[in-house]
K.L.:
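Can you read through this structure? Questions will come right after.
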Amino acid sequence: MESLLISSSSSLTTSPIFSSSKHALTPKPQSLSFNSNARLVLFTCAAQQMNSPPSTAAKTAEKEVKLWGGRFEESVTDAVEKFTESISFDKALYKQDIMGSKAHASMLAKQGLMSDSDRDTIIKGLEEIERQIEAGEFVWRTDREDVHMNIEAALTDLVGEPAKKLHTARSRNDQVATDFRLWCRDAIDGIISRIRNLQIAMVELALQNEDLIVPGYTHLQRAQPVLLQHLLLAYVEQLERDAGRLLDCRARVNFCPLGACALAGTGLPIDRFMTSDALGFTAPMRNSIDAVSDRDFVLELLSANSITAVHLSRLGEEWVLWASEEFGFLTPSDKVSTGSSIMPQKKNPDPMELVRGKSARVIGDLVSLLVLCKGLPHAYNRDLQEDKEPVFDSVKAIVGMLEVSAEFAQNVSFNRERIEKALPAGHLDATTLADYLVKKGIPFRTSHDIVGRSVALCVSRNCELQDLSLDELNSLHPIFDKDVYEYLGVENSIKKFRSYGSTGSECVAGQLDYWIDKLSISRER
């Protein structure tokens, strides 16, 4: 992922978003934030790079024979070369490609398929290529098609004959599948770290708003009173499931295709378990055809991203509504708001509107890949070249959505006075009144009817349930007693909730304690 999101100051400077260490099982702490002056850009925008002029070195270089060109007598046309290249976007995989090649070379040497001297030469050359890439000195050539051929050809230019042994018992089919699994593994770790950041921001926001009651809605109509903390923790719960889906996906991603070759494996004495272990995988994939041909791990990642995007979009929708003058429940700070080019008074919660909007592209990326994969026969097909950009785009979008949502949560305040003024409307305590009657022995359906007639009486008199006199309530049913007023009003209503997971004060306090401990949040504020 280092190559996917970068600072605008350098086209090849890597960004510490995701760890690419040998055993990248957890995100690095420093990957949790970006320099505020850096603009995140898509490193592998194929359309942009395909339309940009080639580098001087690429212009002047003679068109070389393809590494696969032995049986061909003619070169491909410029149109075919331009249409089939993928280097404009799959160079994002350079770090994973180099990692895989180092592991592969070490295994070949151990198995006697190359000398230790050749292995050392190859590894040293790969390290020099990686340095050149990260320094912005490496020339990516479209006539070398993709990241794999660019690096291998450059290695041959750099170290000569030893480089020609590197592709022993390896195809680009298993090579790209390995690179992609490594990249997705790192991406998952980075997304999970950002989910945790948003969860922490939401819990901290809940701690800042103790005992604040807000209207709960169903069908976007007033329903029952709930504690704001309870509502915020609902999103924390959803995000936890999002993280769980990604962890489940990561477990299935973490199997190694390397050594499956084109589709049938190899007759050479390779050790797939050695390369799998060196790259931090759980084990080699059992079936070589499956290893190179399926992209279900990518579909699963994009599916998890899409569900996360839907949760974030719902949060965005709710906060955009609450920031409107009609609600007025929420005020974002100037740090996370924008204005209008024509209306001087406007203060717009644009970040959350874009969170809502970008969910569409994340879902679209999933749909694109599902359609791409649905008709492919076994084993590998060139169609799968098109699997990279939707994944890069989905990950970039979901990372941005999570980061800006956390930023927004840290820069928002709830308008207690406005909310408290709005609470009496809507008879939010009606269900609590029905519970009162049930406790008196009235069947619930009968209680429902009695309270419904009580609400109708309030509507006719333009008052709330707690404003009805005991005589008025007794006219509806004689079982009402003066203790009924202990159930009326939103504050009393909140006190009566006691079921596990409910919005009662004690229940919500228990939920907060759970998340404070789980997320290691300090109680000192």
K.L.:
Walk me through it: do D449 and R453 pass the test salt bridge (Lys or Arg N to Asp or Glu O under 4.0 Å)?
P.N.:
CA-CA 6 Å; D449 178 72; R453 288 187 284 118; 3.1 Å; yes
K.L.:
Assess the side chains of N254 and R181: does a donor N or O sit below 3.5 Å from an acceptor N or O?
P.N.:
no
K.L.:
Is the shortest side-chain N to carboxylate O distance from E506 to R498 below 4.0 Å?
P.N.:
no
K.L.:
Are any of the side-chain heavy atoms of L512 and L233 separated by less than 4.5 Å?
P.N.:
yes
K.L.:
Please check: side-chain N/O of T218 versus main-chain N/O of A223, any donor-acceptor pairing under 3.5 Å?
P.N.:
no
K.L.:
How far apart are the closest heavy atoms of S337 and K347, and which atoms are they?
P.N.:
OG-CE, 3.4 Å
K.L.:
Only counting residues at least two apart or in another chain, list the ones meeting ring pair (Phe, Tyr, Trp, His ring centres under 6.0 Å) with F329.
P.N.:
W322, F327
K.L.:
CD of E325: more than 12 outside heavy atoms within 6.0 angstrom?
P.N.:
no
K.L.:
Considering non-hydrogen atoms only, spot the tightest contact between S359 and A309 and give its length.
P.N.:
CB-O, 3.6 Å
K.L.:
Kindly compute the distance separating NZ (K388) from OG (S88), expressed to the nearest 0.5 Å.
P.N.:
11.5 Å
K.L.:
Which heavy atom of S313 sits nearest to which heavy atom of R356, and what is that distance?
P.N.:
OG-CG, 3.4 Å
K.L.:
To the closest 0.5 Å, what do you measure between CD (E491) and CG (L423)?
P.N.:
7.0 Å
K.L.:
Only one of T503, D429, T432 passes side chain to side chain donor-acceptor pair (under 3.5 Å) with S493; say which it is.
P.N.:
T432
K.L.:
Can you check whether L366 reaches N305 side chain to side chain, under 4.5 Å on heavy atoms?
P.N.:
no
K.L.:
Quick check against the 3.5 Å criterion: does S193 have a side-chain atom that pairs as donor or acceptor with the backbone of G190?
P.N.:
yes
K.L.:
Assess R185 against F281: is NZ or CZ under 6.0 Å from the centre of the six-membered ring, and within 45 degrees of the ring's axis?
P.N.:
yes
K.L.:
I want to check something: taking the side chain as every heavy atom from C-beta on, are L205 and V412 in contact at a cut-off of under 4.5 Å?
P.N.:
yes
K.L.:
Tell me, with the steps shown, if L299 and L302 meet side-chain contact (heavy atoms from CB on, under 4.5 Å).
P.N.:
CA-CA 5 Å; L299 294 171; L302 266 58; 5.9 Å; no
K.L.:
Can you find a side-chain donor-acceptor pair between R241 and Q238 that sits under 3.5 Å?
P.N.:
no
K.L.:
Please determine whether the number of non-hydrogen atoms from other residues, nucleotides or ligands lying under 6.0 Å from atom CZ of R361 exceeds 12.
P.N.:
no
K.L.:
Below 4.5 Å, heavy atoms only, C-beta onward: do D97 and V176 meet side chain to side chain?
P.N.:
no
K.L.:
Answer yes when D189 and R194 have at least one side-chain N-carboxylate O distance shorter than 4.0 Å, and no when they do not.
P.N.:
no
K.L.:
If you look at every heavy atom in M352 and S405, which pair is closest and at what distance?
P.N.:
CE-OG, 3.8 Å
K.L.:
Can a salt bridge be assigned to the pair R295 and D387 using a cut-off of 4.0 Å between side-chain N and carboxylate O?
P.N.:
yes
K.L.:
Taking the side chain as everything from C-beta on, heavy atoms only, tell me whether L321 gets closer than 4.5 Å to E326.
P.N.:
no
K.L.:
For the backbone of A206 and the side chain of Q229, can you confirm whether one donor and one acceptor N or O come within less than 3.5 Å of each other?
P.N.:
yes
K.L.:
Given side-chain hydrogen bond (donor to acceptor under 3.5 Å, both in side chains), test D179 with Y94 step by step and report yes or no.
P.N.:
CA-CA 8 Å; D179 294 355; Y94 81 88; over 6 Å; no
K.L.:
Let me see the working for L312 and L239 under side-chain contact (heavy atoms from CB on, under 4.5 Å), right down to the final yes or no.
P.N.:
CA-CA 9 Å; L312 296 176; L239 289 165; 4.3 Å; yes
K.L.:
Between R314 and E318, does at least one N-O distance fall below 4.0 Å, as a salt bridge requires?
P.N.:
no
K.L.:
Would you say that S333 contacts V336 through its side chain, given a criterion of any heavy-atom pair below 4.5 Å between the two side chains?
P.N.:
yes
K.L.:
Could you walk me through whether H427 and C458 pass the side-chain contact (heavy atoms from CB on, under 4.5 Å) test, one step at a time?
P.N.:
CA-CA 9 Å; H427 311 291; C458 288; 3.6 Å; yes
K.L.:
How long is the gap from CD1 on I188 to SG on C249, to the nearest 0.5 Å?
P.N.:
4.0 Å
K.L.:
Should we count CG of N462 as having more than 12 external heavy atoms under 6.0 Å?
P.N.:
no
K.L.:
Hey, does the side chain of N287 reach the backbone of D290 with a donor-acceptor pair shorter than 3.5 angstrom?
P.N.:
yes
K.L.:
Looking only at the side chains, is there a donor atom on one of W515 and E240 sitting less than 3.5 Å from an acceptor on the other?
P.N.:
no
K.L.:
Check this for me: H477, atom NE2, are more than 12 non-hydrogen atoms of other residues, nucleotides or ligands nearer than 6.0 Å?
P.N.:
yes
K.L.:
Could you tell me whether K396 and D393 make a salt bridge, using a distance below 4.0 angstrom between a side-chain N and a carboxylate O?
P.N.:
no
K.L.:
S394 side chain to P390 main-chain N or O, any donor-acceptor pair under 3.5 Å?
P.N.:
no
K.L.:
Would you list the pairs meeting ring-ring contact (aromatic ring centres under 6.0 Å, His included) in which at least one residue belongs to residues 341-370, sequence neighbours left out?
P.N.:
none
K.L.:
Specify whether F297 and F180 have parallel, tilted or perpendicular ring planes, treating 30° as the upper limit for parallel and 60° as the lower limit for perpendicular.
P.N.:
perpendicular
K.L.:
Between D350 and T338, do the side chains contain a donor N or O and an acceptor N or O under 3.5 Å apart?
P.N.:
yes
K.L.:
Could you walk me through whether D467 and E464 pass side-chain contact (heavy atoms from CB on, under 4.5 Å), step by step?
P.N.:
CA-CA 5 Å; D467 299 326; E464 301 304 316; 3.6 Å; yes
K.L.:
Show the nearest heavy-atom pair for residues I213 and I419, with the distance to one decimal.
P.N.:
O-CG2, 3.2 Å
K.L.:
Quick check: does any side chain N or O of N474 sit under 3.5 Å from a backbone N or O of F480, one acting as donor and the other as acceptor?
P.N.:
yes
K.L.:
So, for A260 and V292, which heavy atoms are closest and what is the spacing to 0.1 Å?
P.N.:
CB-CG1, 3.9 Å
K.L.:
Please check if the side chain of S276 supplies one atom and the backbone of F273 the other of a donor-acceptor pair under 3.5 Å.
P.N.:
no
K.L.:
Should D186 and K95 count as an ion pair when the cut-off is N to O under 4.0 Å?
P.N.:
no
K.L.:
Using salt bridge (Lys or Arg N to Asp or Glu O under 4.0 Å), reason through D248 and R245 one step at a time and then give a plain yes or no.
P.N.:
CA-CA 5 Å; D248 290 343; R245 273 182 284 272; over 6 Å; no
K.L.:
For a quick check under 3.5 Å, do Y485 and N492 share a side-chain donor-acceptor pair by atom type?
P.N.:
no
K.L.:
Main chain of G501, side chain of H230: is a donor-acceptor contact present, judged purely on distance under 3.5 Å?
P.N.:
yes
K.L.:
Between D296 and R252, is the salt bridge (Lys or Arg N to Asp or Glu O under 4.0 Å) condition met? List the steps.
P.N.:
CA-CA 9 Å; D296 57 356; R252 282 180 283 276; over 6 Å; no
K.L.:
For T331 and N415, test the side chains for any donor-to-acceptor distance below 3.5 angstrom and give the result as yes or no.
P.N.:
yes
K.L.:
I need the L198 CG to L315 CG distance, nearest 0.5 Å.
P.N.:
7.0 Å
K.L.:
Using a cut-off of 6.0 Å, state whether more than 12 heavy atoms not belonging to K440 lie near its atom NZ.
P.N.:
yes
K.L.:
Atom CG of L232 and atom CD of Q208: how far apart are they, to the nearest 0.5 Å?
P.N.:
10.0 Å
K.L.:
Measuring from K439:NZ to K496:NZ, what's the distance to the nearest 0.5 Å?
P.N.:
6.0 Å
